[in-house]
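Here the structure is a predicted model, which means the values were calculated and not measured. First the proteins, then the strands, lettered A, B, ... as listed; each starts at 1.
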There are 2 protein chains.
Amino acid sequence: MATINDVCKLAGVSKATVSRVLNNTGQVKKSTADAVYHAMDTLGYKPNSLARALATNCTNTLGLVVSAFEGAYFSCLMRTASETSAGAGKQLLIMDGGHSAESEELAINSLVERKVDAIILYTRKMPAATLKPLMEKLPVPLIVINQMVDGFEERCICFDQYKAACQATEFLIAKAHRNIACISGPEDSVNSSLRLQGFKDSLATHQLDHCGIYHGDYYTESGYRACQALLNSGQSFSALFTANDNMAMGAIRALHEAGIKVPEEVSVMGFDNDPAGPFLIPSLSSVMLPVEAMAQAAVEQTLLLLKGEKISAIALFSGSLIVRESVDQPQKPS
Amino acid sequence: MATINDVCKLAGVSKATVSRVLNNTGQVKKSTADAVYHAMDTLGYKPNSLARALATNCTNTLGLVVSAFEGAYFSCLMRTASETSAGAGKQLLIMDGGHSAESEELAINSLVERKVDAIILYTRKMPAATLKPLMEKLPVPLIVINQMVDGFEERCICFDQYKAACQATEFLIAKAHRNIACISGPEDSVNSSLRLQGFKDSLATHQLDHCGIYHGDYYTESGYRACQALLNSGQSFSALFTANDNMAMGAIRALHEAGIKVPEEVSVMGFDNDPAGPFLIPSLSSVMLPVEAMAQAAVEQTLLLLKGEKISAIALFSGSLIVRESVDQPQKPS
DNA sequence: TTGTAGGCGTTATCAG
DNA sequence: CTGATAACGCCTACAA
C-alpha cells in the first residue's frame, strides 16, 4: 500500500503539502496540487484511515447498539441508520445489546474502546437512572432511542408507546369488545411496560377489566405459547391485544389450532406494523411505528451534536393505527 | 483518557515494560508486573485500539457484506457471524452490499479502507469471474459465501442450491403434482438461477413442463404480484414453487384473495425455512438452509486463515425439506 | 529483566 | 504557498 511518503517523493513535495491537497486545507498552488493528484492516482494511494484517526481523534464511525438482529423492526432501524450515516460519510458499527441492561452496557463499552465518535443506543432494559450517569461520564456522546433522560432531552429519541397502546385498545373497545386479553412483552422491558400500562389504563377508563395478561419475549413462539396458556385458562375473550406483530402471529396460529376463527370469534391487534402484516391471513391490524423516521432523527441529531451545533429536543414520535382484517366486531355481544 | 505514558510514570517503568505486561510478551518480574497492573486500574487505563492497530497492522475487525438487513435469513447470518467473531475477540463490521455487483464491490472497498483484517462477502450478484481477480488482488483475505471460485475453494462457503431446489420440486412431483408453476428470484441472482435450474431440471426428468415462471425480488410484495400475474395468465396449476418463504407468503395471500385454497387447490412450497413458517396458516413447507452453520464456518475459516494455519475446502452445505401444511396432494388429478 | 529509540501513516503548528 | 518537525499512542527490535 502506497503511503503519503511515496506520494511526496513522486510529486517532489513535502508530506505537509500532500496532506493539504488531500484535505483541501490551506492554499496550494494549482500546479503543485495537480502534481500531487497525479502522483496519488498513479500510485493508487488511499489514505490510511487508522493513522488519520489517530492523528485527528476522529474515526468517522458511529456505534449503534440494538436489542437484536432479528425482526423487521430492527432491520429497518439498522438499515436506515446505516444509510443515513453513510450519507454523511460515517461508517456504522452495529452491536447486539443482548437481553439485559448489563449486556447493553457491555456493548457500549466495546464501542467506546473501538473509538467510535458517538454511540446510538436503542435500549430495552436501561432505566433512565442508569442512563444518566452513563451519558455524563462517557468520553463520547451517547444518544438514546426509547428512553427519556432528564437533562438530556435533546439526546433522546422516543416513541409514545403509551399513547399508541391506548389508541389500539380504544379501537378494540370502540369495536364493541368488552372482554379483552393481552399478550405483553418482557416484564422488564421499558417499551413493554408502557404498552401494557396503556392497555390497562384504557380499559380502566371504560370501567373494563382485562381477561388475562400473559408475557412473551417478542418472538413468535412466545405469542403462540402465551395464547395457548390463555386458552387453557378458560377465560373467555373476544379480542386480544398483543405487544408486537410476531407474537400476534403466534397467537393467531394458536387460536387457529384451537378451532377459533379470527376475527369472527376473536379479534387480534398487533403492534409494530411488520411488513408481513398485510399478507397474513387474516391480514393483521397493527400500530405503525415510524422506525425509519426515528432512526434517521437519531443519526441526524448525532451528527449535529458532533458538529458542535446546538440541538434541541425532538418531539415524541407517535404511531398510527393500521386497520386490517384481524379486528372486527364481536359476533355475539358478551 | 489515560495513555500508556501515564501508566509508565505511575508505575515507574518504561513504555516497553507496560506494553509487555499488556500483551504477555517477554519476561517481566512479577513485582513490576503487579505494579503495572495496579497503575493501570487506578488510572482506568484502556489501550487505544487505533494506535495499536496502526502499530501492529491488525485491527481485530472482520468485515461482513450482506445483501440486505431485512429478513430472517440475513438476521441469522449477521447474528451468528457477529457472535462467532466476538467469541474470538474480533469485532464485526457489517455493510450492505446492495443489489448489484458494483455495490457489492463498493462495500468491499469501503471495508478495505477501514482496514479490516479480512472480509466475508455474502454475494448475490458477483460471478466467479469477477470474484477471482478480486480475491487475488485485495490486500486482505476475502472469504465468499454463496459462490464457488476456482483455485480458492477453501475460501468459499456454499450451499447446494441446485440440489435443494430439486428436492423441493421432486417432493411436489412425488405428491402427484403435474402442473407446477414457479416464482423465482431476481434473474441475475446466483442463488436464484441455481434454484430455478433445479426446478426446471427436476421437471424435465419427469417429462413435465412448467406452468409459468415469474420473477420476484425476494420480498413478500413481489411474490404477491407475481402470483397475481400467474393467476391472470389463465394457466392452471396445482402447485407453486417459490424461491423463498417471503414470496411464498405473498403468493399465498394472492391465492387467498382469488378464492383459491391452499393446499386443497394449490400447494405452495417455500424456500429458506423462515421462522414464521410454522405459524402461518397454512403452515409453510420449505427447505431449511443451515445458515447458522454456514455463517459460523465462514467466520472460523476466516480466523484460521488469519492465524496462518493451512485450511482445506469445506464441503457443500445441503438443505433439508421441511414438510408442513402448505403442500398436499392435488384434489383432482389433472 | 528492563529501557532506549525508531517506526506505523497522518495531521497540525510553526517558521520561512 | 511550502517545508520541517512534533505530536497521536502503541509496538518492537536492539541494547544494556
Problem set entry | Residues in salt bridge (charged side-chain N to carboxylate O under 4.0 Å, His left out) contact with B:K30, at least two apart in sequence or another chain | B:D34
Seminar exercise, completed: side chain to side chain donor-acceptor pair (under 3.5 Å) pairs touching residues 126-142 of chain B, sequence neighbours excluded, are none
For this session: Could you pick out which residue, A:A2 or B:K15, lies toward the 5' side of DNA chain C when each is mapped onto its nearest nucleotide?
Result: B:K15
Exercise. Start at the 5' end of DNA chain C and walk down; is the nucleotide closest to A:T56 or to B:A55 reached first?
Worked result: B:A55
Okay, side chain of [X], backbone of [Y]: is any donor-acceptor separation there less than 3.5 Å?
| X | Y | answer |
| --- | --- | --- |
| B:D41 | B:G44 | no |
| A:S75 | A:G71 | yes |
| B:T25 | B:R20 | no |
| B:S189 | B:G185 | no |

Can [X] and [Y] be counted as having a side-chain donor-acceptor contact under 3.5 angstrom?
| X | Y | answer |
| --- | --- | --- |
| A:E104 | A:T123 | yes |
| B:R52 | B:T59 | no |
| A:Y45 | A:Y37 | no |
| B:Q296 | B:E292 | no |
| A:R114 | B:T61 | yes |

Problem set entry | B:S19 vs D:dC11: side-chain N/O to OP1/OP2 distance below 4.0 Å | yes
What is the distance, rounded to the nearest whole Å, between atom [atom1] of [X] and atom [atom2] of [N]?
| X | N | atom1 | atom2 | result |
| --- | --- | --- | --- | --- |
| B:L54 | D:dT12 | CG | P | 12 Å |
| B:N60 | D:dC11 | CG | P | 11 Å |
| A:I4 | D:dA7 | CD1 | P | 19 Å |
| B:L22 | D:dT12 | CG | P | 11 Å |
| B:N23 | D:dA13 | CG | C1' | 15 Å |

Problem set entry | Residues from residues 35-52 of chain A lying under 4.0 Å of DNA chain C - heavy atoms | A:Y45, A:K46, A:P47, A:N48, A:A51, A:R52
Exercise. Are the ring centres of B:Y122 and B:F74 closer than 6.0 Å?
Worked result: yes
Exercise. Are the charged groups of B:K90 and B:D117 less than 4.0 angstrom apart, N to O?
Worked result: yes
Exercise. Does B:D96 pair with A:R79 as a salt bridge, N-O distance under 4.0 Å?
Worked result: no
For this session: Using a 4.0 Å heavy-atom cut-off across all strands, classify A:N57 as base, sugar-phosphate, or nothing.
Result: nothing
For this session: Could you tell me whether A:T3 contacts a base, only the sugar-phosphate backbone, or nothing, with contacts defined as non-hydrogen atoms closer than 4.0 Å?
Result: sugar-phosphate
Exercise. Chain B on DNA chain C: first and last contacting nucleotide, 5' to 3', under 4.0 Å to a heavy atom?
Worked result: C:dT1 to C:dG9
Output one line per pair: protein atom, nucleotide atom from nucleotides 1-3 of chain D, and distance, for all N/O pairs under 3.5 Å.
unit_1 : atom_1 : unit_2 : atom_2 : d
D:dC1  : OP2    : A:Q27  : OE1    : 3.2
D:dT2  : OP1    : A:T32  : OG1    : 3.2
D:dT2  : OP2    : A:K29  : N      : 2.8
D:dT2  : OP2    : A:T32  : OG1    : 3.1
D:dG3  : OP2    : A:S14  : N      : 3.1
D:dG3  : OP2    : A:S14  : OG     : 3.4
D:dG3  : OP2    : A:T17  : OG1    : 2.8
D:dG3  : N7     : A:R20  : NH2    : 3.3
D:dG3  : O6     : A:R20  : NH2    : 2.4

Problem set entry | Bending between helix ends of the helix from C:dT1-D:dA16 to C:dG16-D:dC1 [5 pairs per end, 10° resolution] | 40°
